[in-house]
Amino acid sequence: MSAADEGGGVGRRLAGWFGRRAGQLAGPLAADDEASQHGAVAVVEAIISGLPDPVIMLDRDGRAIVFNAGAAALAPALRRGDPASIALRVPELVEAVRDVSAGGGVRRIEFAERVPTERHFEAFVSPIVLGSLHAVLITLHDLTSIRRVEEMRADFVANASHELRTPLAALAGFIETMQGPARDDVAARDRFLGIMREQAWRMARLIDDLLSLSRIELRAHMRPDTPVDLVPIVRQVVDGLQTLAQDRGVTVDVVAPAEPLKVLGDRDELLRLFENLIENGLKYGASGKRVDITLARLDAPDGKHEASIAVRDYGPGIPAEHLPRLTERFYRADVADSRAQGGTGLGLALVKHILNRHRGRLAIESQIGKGATFTARLPFSEDY
Ligand code: ADP
């Protein structure tokens, strides 16, 4: 059954019910059409007032008979007795109402509003008969969030394909060169193989990050329940990144309290979180020669406690306009720099998702020329 058929079915069932109900209500006044119609309208009004979606009932000339609060919010100019077309100003909808008034069946249309914000709607326009009253019922449904999710999914697939295609094209190009012009050039072959290995790793990292993201999203609503101490986790990450720090000539300094910082967490995800933040500091802030990591216990005014882990570098910093978007998938402040550093553009998106799952949050502060500070805050396990 199509959506339109279904809408039609509901419309007809409602119409039948309203017809009977209106007849019953009219009872002794059956001869009095107007009283019967008033009764029917009152019933419709009572029912639609409880519905969250905008609903409008029009007479066959397109004048509003009743509407609910959802409809009033959507079309503030709507007035009883006035043509609804003035308030709705959606040509497709006006045309559908005209068709249905002229005896047509249920119509389903979609339309978009651009001002003040972009919103998408579907509308069912159905004929209904309420005793002697022949009317048209418009039910609207807000599709904006569905459309937004669809758009995000399409963007994500386009971005992921593009990110994978770039190293793949480089690999294919070098293979062709080595099979052709550089066939006997041993020095070039070695250099090309080095680049090819780097590109292959880049693809592997990207796939790894994509899989991690989807795994974390799948578990987004399941709170981690194992008590873990963040201090040894951060120290383990710093130890693992020593080679990178040395390569970049960066000194990493960790300041941690003597007592444990216990949160309910997923160890692997927390390792990933700090690895991303500290690795970014080492890569993008290398020119500052220093990365400071400060772990602390914060006492909130409401008596609850938080673990705070700040990763501070002294590199070039990040222009303010990029800060709000850094945790979006594939967003980079400097695309060429990220690529040169082997970045996937997914690191901070992973950080955000991991923190969300742990009921934590991320703050980013930066001043051009003075470096950047990424601070993760997580609620203490006893405060969950
Ligand atoms: P990537 O894989 O590109 O490193 P991230 O999601 O980890 O992706 O980071 C997104 C972007 O944020 C990076 O491409 C970089 O432009 C910027 N960025 C992240 N951390 C820092 C930092 N410490 N200093 C300057 N820029 C940073």
Side-chain angles (χ1 to χ4, degrees), residues 152 155-156 159-167 198-217 234 237-238 240-241 244-245 247-254 269-294 308-357 360-376:
M152 277 167 60
D155 282 355
F156 176 67
N159 279 326
S161 317
H162 175 74
E163 293 291 334
L164 281 169
R165 204 178 290 136
T166 311
E198 190 45 53
Q199 296 300 325
W201 275 115
R202 187 169 148 202
M203 290 178 75
R205 263 196 312 274
L206 189 66
I207 291 167
D208 198 37
D209 280 357
L210 286 170
L211 286 175
S212 299
L213 256 182
S214 82
R215 256 198 309 269
I216 295 164
E217 269 182 336
V234 171
V237 172
V238 172
L241 290 171
L244 178 68
D247 283 354
R248 304 290 163 108
V250 178
T251 313
V252 183
D253 187 34
V254 181
E269 288 185 11
L270 292 169
L271 281 166
R272 199 71 194 259
L273 188 167
F274 297 119
E275 201 173 74
N276 276 311
L277 291 183
I278 300 169
E279 200 178 310
N280 277 352
L282 293 173
K283 289 189 314 192
Y284 300 110
S287 60
K289 302 280 172 216
R290 230 174 84 202
V291 168
D292 294 338
I293 302 165
T294 313
S308 155
I309 304 90
V311 179
R312 161 146 212 215
D313 69 69
Y314 300 84
I318 307 163
E321 68 268 23
H322 297 298
L323 297 183
R325 299 196 59 191
L326 285 185
T327 56
E328 287 176 21
R329 289 156 198 221
F330 299 114
Y331 190 87
R332 284 120 157 170
D334 182 335
V335 177
D337 190 18
S338 160
R339 293 245 164 88
Q341 305 280 3
T344 59
L346 294 173
L348 291 176
L350 273 165
V351 165
K352 184 181 84 177
H353 278 85
I354 294 170
L355 280 172
N356 282 350
R357 187 172 171 235
R361 61 212 149 90
L362 179 71
I364 310 174
E365 291 154 276
S366 182
Q367 260 185 300
I368 294 296
K370 295 198 172 157
T373 307
F374 288 74
T375 309

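Model, not experiment: these values are computed from the prediction. Below, each value reflects all heavy atoms present in this structure, side chains not excepted, and no hydrogens, waters or symmetry copies. For ligands, and for the atoms within them, numbers begin at 1 and follow the listed sequence.
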Can you tell me the protein heavy atom closest to [atom] and the distance?
atom: atom 3 (O) of ligand 1; value: S338 OG, 2.6 Å
atom: atom 25 (C) of ligand 1; value: I318 CG1, 3.3 Å
atom: atom 14 (O) of ligand 1; value: R332 CG, 3.1 Å
atom: atom 9 (O) of ligand 1; value: L348 CD1, 3.6 Å
atom: atom 12 (O) of ligand 1; value: L326 CD2, 3.4 Å
atom: atom 4 (O) of ligand 1; value: Y284 OH, 2.6 Å
atom: atom 7 (O) of ligand 1; value: N280 ND2, 2.9 Å
atom: atom 8 (O) of ligand 1; value: G345 CA, 3.3 Å

Tested for side-chain contact (heavy atoms from CB on, under 4.5 Å) against H353, the lone hit among R215, E269, R329 is R329
Apply the side-chain contact (heavy atoms from CB on, under 4.5 Å) test between L206 and each candidate in L211, T166, T344; give the one that qualifies. T344
Number the atoms of ligand 1 from 1 as they appear, then name those within less than 4.0 Å of a heavy atom of [X], with their elements.
X: D334; answer: 16 (O)
X: T344; answer: 1 (P), 2 (O)
X: Y331; answer: 10 (C), 11 (C)
X: G343; answer: 1 (P), 2 (O), 3 (O)

Taking the side chain as everything from C-beta on, heavy atoms only, tell me whether [X] gets closer than 4.5 Å to [Y].
X: L164; Y: I207; result: yes
X: L277; Y: L348; result: yes
X: L326; Y: F374; result: yes
X: E279; Y: L241; result: yes
X: Y284; Y: P316; result: no
X: V238; Y: F274; result: no
X: V237; Y: L271; result: yes

If you measure from each heavy atom of [X] to ligand 1, is any distance below 4.0 Å?
X: D337; result: no
X: G315; result: no
X: N276; result: no

For ligand 1, which part of D313 has a heavy atom less than 4.0 Å away: the side chain, the backbone, both, or neither? side chain
Contact partition for F374 relative to ligand 1, non-hydrogen atoms under 4.0 Å: side chain
Any Lys/Arg nitrogen of R272 or D209 sitting under 4.0 Å from an Asp/Glu carboxylate oxygen of the other? yes
Cationic N near anionic O, under 4.0 Å, R339 to E163: yes
Counting distance only, does the side-chain N/O of R325 pair as donor-acceptor with the main-chain N or O of Y331 below 3.5 Å? no
Looking only at N/O atoms, are G347 and ligand 1 under 3.5 Å apart anywhere? yes
Polar atom proximity, A333 to ligand 1 (N or O, under 3.5 Å): yes
